[in-house]
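Some notes on the structure that comes next.
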Amino acid sequence: MQILSSILFIALAVVGISFFAINAKKIYRNIKLGQSVDRTDNPSERWKNMLLIAFGQKKMFSRPIPALLHLAIYVAFIITQIELIEIFIDGIFGTHRVFKDSLGQLYTFIISLIELVSLGALIATIAFLSRRNLLKLPRLNKEELLGWPKKDGNIILMMELVLVFCIFTMNGTDEALYNMGASHYANGTQGSFGFAISQHLGPAIFGSMSEGTLHFLERVGWWGHFAMVLAFLNYLYFSKHLHILLAFPNTYFANLRPLGQLDNLQSVTNEVKLMMDPNADPFAAPAPDADATPAKFGASDVQDLNWVQLLNAYSCTECGRCTSSCPANITGKKLSPRNIMMKTRDRLEEVGKNIDANKGTFIDDGKSLLNDYITPEELWACTSCNACVQECPIEISPLSIIMDMRRFLVMEQSAAPMELNTMMTNIENNGAPWQYNQMDRLNWKDEN
Amino acid sequence: MSENLIVPTMAEMMAKGEQPEVLFWVGCSGSFDDRAKKITKAFVRILNRANVSFAVLGAEESCTGDPAKRAGNEFAFQMQAIMNIQVFDAYEVKKIVTACPHCFNTLKNEYPELGGKYEVVHHTEFLKSLLESGRLTIEGGQFKGKRITFHDPCYLGRANKIYEAPRDLIQKLDAELVEMKRAKANGLCCGAGGAQMFKEPEKGTKDVNMERTDDALEVKPDIIAAGCPFCNTMLTDGVKFNHKEGEIQVLDVAELIANAQDL
């Protein structure tokens, strides 16, 4: 019987983890579809950012209420991993609470802590569910969330509820069993685990149940907990919940430069320098390996974006802090920075599936991120104010994607709004966005 | 008001064999926009008063290329940048001050990679340093006790994390600095950035500058201060739309200081 249970456990773990590994590999492959960009400089600052922003949740606290609720779930998630190690050992070797004897008081402390943070997580989960579904917070009920994203948010929260119930069922019933001297831990002796919550909860809820029922429920809680963890792990791939893993690399590889600094396109620099070099031979053929830069200026599809932008898309939690601070969105325009990230991920997933279906190569599907997912109207509404970048708790930059797509519209398609074309022509001809003569630049000096 | 502005150009300075302490980059708005020209002149009056050795490029100045870059035209931007860098190099420019956060940002952050490395300061930082070094002194003057709110330009604030210099200057005027609900890193754009200044806004329910003006009006200011010619225009329009132009002035920080000194 014990052997059977161990085999079942190992089989479940292997299947669960393998599925996850297969999907994780796909995500890695998809992110690598992006253009290269060097984000390896300044490792000490990068580690610091990761520790403060991802691990320390620093930017979350610009909005204290959701930050505290999120912190409860986050801490519970981290600390519960300790219990997971025990579950793995117990599951494989058929032991029961294998750490208790060796850790003694510390074990009681750790499990008590897990119970307390789980209670915090329970409260936070209920609060989050009501913010989404009862209070209907505007940023959690925007139109881009209709359908799957909304369901996704609720499914995650429900899974968390189940997980917390499993923990308390497991510990509560085990406490009741131990009280009557029937726990698999120290079989035959009577006692109490002394865990902060379940030492009270156990007798109160489960005290009157029969030993058989308790053993059954204890196993339901234990297996439920484990199964939920595996389900969670594999659910990540389909969900915004991927952020619990990707927030870490995403903050590590985030942009360290001032927010106002857009990158200078190197391919353009080469051409401009050539144009302005009086000694350049205009008819010279380019050197064969002069540059391996993309043949395209700006981005019209996900492969034109860089891999950090694609990592951003997978890391996005769809919290909507960006969108709720976006001046264009606040004033009713179609642009939503969150939607830019969601669309980028959707398109990337589609491209990934195309590659899977075509034995490793992408076959043109006649679609692109631009137009099929993100419209020029959205792109032109951006004021480049960086509010979305400032707000993002994990350093995503929707603005960089918007800018790269504008570059494509302007430099590849000449498809800027007419007034902008006029402005750009003025700059080229008069050295000012307006049609004034450059010679008049100092006229203000003598005007009253 | 009779104007006796002393505005040497770099070419004149060079002809005399002099090198100014700082190049004042006026910017397209500061050169051509009627409202922004007043800011330019206010800043020059302060520079003159503080005996700062400065020069402008005059007809040799050209657009930094910022609006073209934000609109997606990297070619137009880099052409401008490289031409401007050639001019800076010819005059051996080391330090640049500008009253336009857009020029400031692009000169400071985007020019170095193209070969243009200078010390670039925004005029609010420069004015603050003049006060700190005692080259300029100010008193409250006409602004004593007035309610002043400061609108953070995106390209000064979030883009370059300069929040305190303009506020320090306002507080030097013995004025009451009142903050809008959205300020500093949470500030709301005036609606002009990213080349929006040069086009009609996309369809929505409201214009961004109206939303921002409402933020400002909420704190019942006597004066809305800004540190950017574009913000100034957008907020002035907003105030006019609300028929408050008789009660509320929109002024650049440089104008506040020049007016306080009755320059």
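The chains referred to below are lettered A, B, ... by the order of the sequence lines, with proteins before strands, and numbering in each begins at 1. Both backbone and side-chain heavy atoms feed into the values below; hydrogens, waters and symmetry mates do not.
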Pairing of B:Glu202 and A:Lys334 as salt bridge, 4.0 angstrom limit: no
Distance, nearest 0.5 Å, that separates NZ of B:Lys41 from NZ of A:Lys445: 12.0 Å
Flag if over 12 foreign heavy atoms under 6.0 Å of CZ, A:Phe61: yes
Partner chain A: residue of B:Gly27, B:Cys154, B:Ala159 with the largest heavy-atom pair count (under 4.5 Å): B:Ala159
Greater than 12 external heavy atoms within 6.0 Å of A:Leu146's CG: yes
Heavy-atom neighbours of A:Gln435 CD exceed 12 at 6.0 Å: no
Verdict with reasoning, B:Gln86 to A:Met276, per side-chain contact (heavy atoms from CB on, under 4.5 Å): CA-CA 11 Å; B:Gln86 286 173 352; A:Met276 296 184 59; 4.0 Å; yes
Whether A:Tyr436 and B:Phe32 hold their rings parallel, tilted or perpendicular, with breakpoints at 30° and 60°: parallel
side-chain contact (heavy atoms from CB on, under 4.5 Å) between B:Arg70 and A:Leu262, worked out: CA-CA 9 Å; B:Arg70 263 78 201 159; A:Leu262 291 186; 3.6 Å; yes
Residues in salt bridge (Lys or Arg N to Asp or Glu O under 4.0 Å) contact with A:Glu412, at least two apart in sequence or another chain: none
Spacing of B:Cys28 atom SG and A:Ile427 atom CD1 [to the nearest 0.5 Å]: 6.5 Å
Whether over 12 other heavy atoms sit under 6.0 Å from B:Lys181 NZ: yes
A:Trp434 portion near chain B, given a 4.5 angstrom heavy-atom threshold: side chain
Short side-chain to backbone donor-acceptor contact, A:Glu419 and B:Phe198, under 3.5 Å: no
Part of A:Asp440 within contact of chain B (heavy atom distance under 4.5 Å): both
Greatest number of heavy atom pairs closer than 4.5 Å to chain A - which of B:Glu61, B:Glu60, B:Arg212: B:Glu61
Which of B:Pro153, B:Ala185, B:Gly65 touches chain A most, by non-hydrogen pairs under 4.5 Å: B:Ala185
Exam field: side chain A:Asn386 to backbone B:Arg158, donor-acceptor pair closer than 3.5 Å: no
Residue, of B:Asn84, B:Val44, B:Val208, that accumulates the most heavy atom pairs under 4.5 Å with chain A: B:Val208
Residues of residues 188-197 of chain B with any heavy atom under 4.5 Å of a heavy atom in chain A: B:Leu188, B:Cys189, B:Gly191, B:Gly193, B:Gly194, B:Ala195, B:Gln196
Chi angles and distances behind the side-chain contact (heavy atoms from CB on, under 4.5 Å) call for B:Arg182, A:Ile330: CA-CA 13 Å; B:Arg182 291 184 272 216; A:Ile330 288 170; 3.5 Å; yes
B:Lys184 atom NZ, over 12 foreign heavy atoms within 6.0 Å: yes
Contact origin within A:Ala381 toward chain B - heavy atom pairs under 4.5 Å: both
Heavy-atom proximity to chain B below 4.5 Å, by part of A:Met275: side chain
Side-chain donor-acceptor pairs of residues 71-83 of chain B under 3.5 Å, sequence neighbours excluded:
| residue | atom | partner | partner atom | Å |
| --- | --- | --- | --- | --- |
| B:Asn73 | OD1 | B:Phe75 | N | 3.3 |
| B:Asn73 | OD1 | B:Ala76 | N | 2.9 |
| B:Glu74 | OE1 | A:Arg407 | NH2 | 3.2 |
| B:Glu74 | OE1 | B:Lys69 | NZ | 3.1 |
| B:Glu74 | OE2 | A:Leu265 | N | 2.8 |
| B:Glu74 | OE2 | B:Lys69 | NZ | 3.1 |
| B:Glu74 | OE2 | B:Gln78 | NE2 | 2.7 |
| B:Gln78 | OE1 | A:Thr269 | N | 3.0 |
| B:Gln78 | OE1 | A:Thr269 | OG1 | 2.7 |
| B:Gln78 | NE2 | A:Leu265 | O | 3.2 |
| B:Gln78 | NE2 | A:Thr269 | OG1 | 3.2 |
| B:Gln80 | NE2 | B:Ser62 | OG | 2.7 |
| B:Gln80 | NE2 | B:Cys63 | O | 2.9 |

Heavy-atom pairs under 4.5 Å with chain B, option from A:Leu420, A:Asn443, A:Leu442 with the top count: A:Leu420
Chain B neighbours within residues 388-403 of chain A, where any heavy atom lies under 4.5 Å away: A:Gln390, A:Glu391, A:Met403
Interface moiety of B:Phe104 toward chain A, non-hydrogen atoms closer than 4.5 Å: neither
Max heavy-atom pair count under 4.5 Å with chain B, selected residue of A:Thr383, A:Val410, A:Leu409: A:Thr383
Side-chain ion pair, A:Arg257 and B:Glu113, N-O less than 4.0 Å: yes
Selection from B:Gly187, B:Ser29, B:Gly30 maximising heavy-atom pairs under 4.5 Å formed with chain A: B:Ser29
B:Lys38 atom NZ, neighbour heavy-atom count above 12 within 6.0 Å: no
Gap between atom CG of B:Leu114 and atom CG of A:Asn264 - 0.5 Å precision: 4.0 Å
Whether over 12 other heavy atoms sit under 6.0 Å from B:Lys206 NZ: yes
Where B:Asn160 and A:Pro258 come nearest, the two heavy atoms and their spacing: OD1-CB, 3.9 Å
A:Glu271 versus chain B, the contacting section by heavy-atom distance below 4.5 Å: side chain
Check: A:Lys333 side chain, B:Pro201 main-chain N or O, donor-acceptor pair, under 3.5 Å: no
Region of A:Met439 that comes under 4.5 Å of a non-hydrogen atom in chain B: both
Contacting moiety of A:Asp263, where chain B heavy atoms sit under 4.5 Å: backbone
From CA spacing to verdict: side-chain contact (heavy atoms from CB on, under 4.5 Å), A:Thr331, B:Asp207: CA-CA 6 Å; A:Thr331 55; B:Asp207 283 345; over 6 Å; no
Nearest-0.5 Å distance, CG of residue B:Asn186 to OG of residue A:Ser62: 6.5 Å
Under 3.5 Å: donor-acceptor pair, side chain of B:Tyr155, backbone of A:Ser384: yes
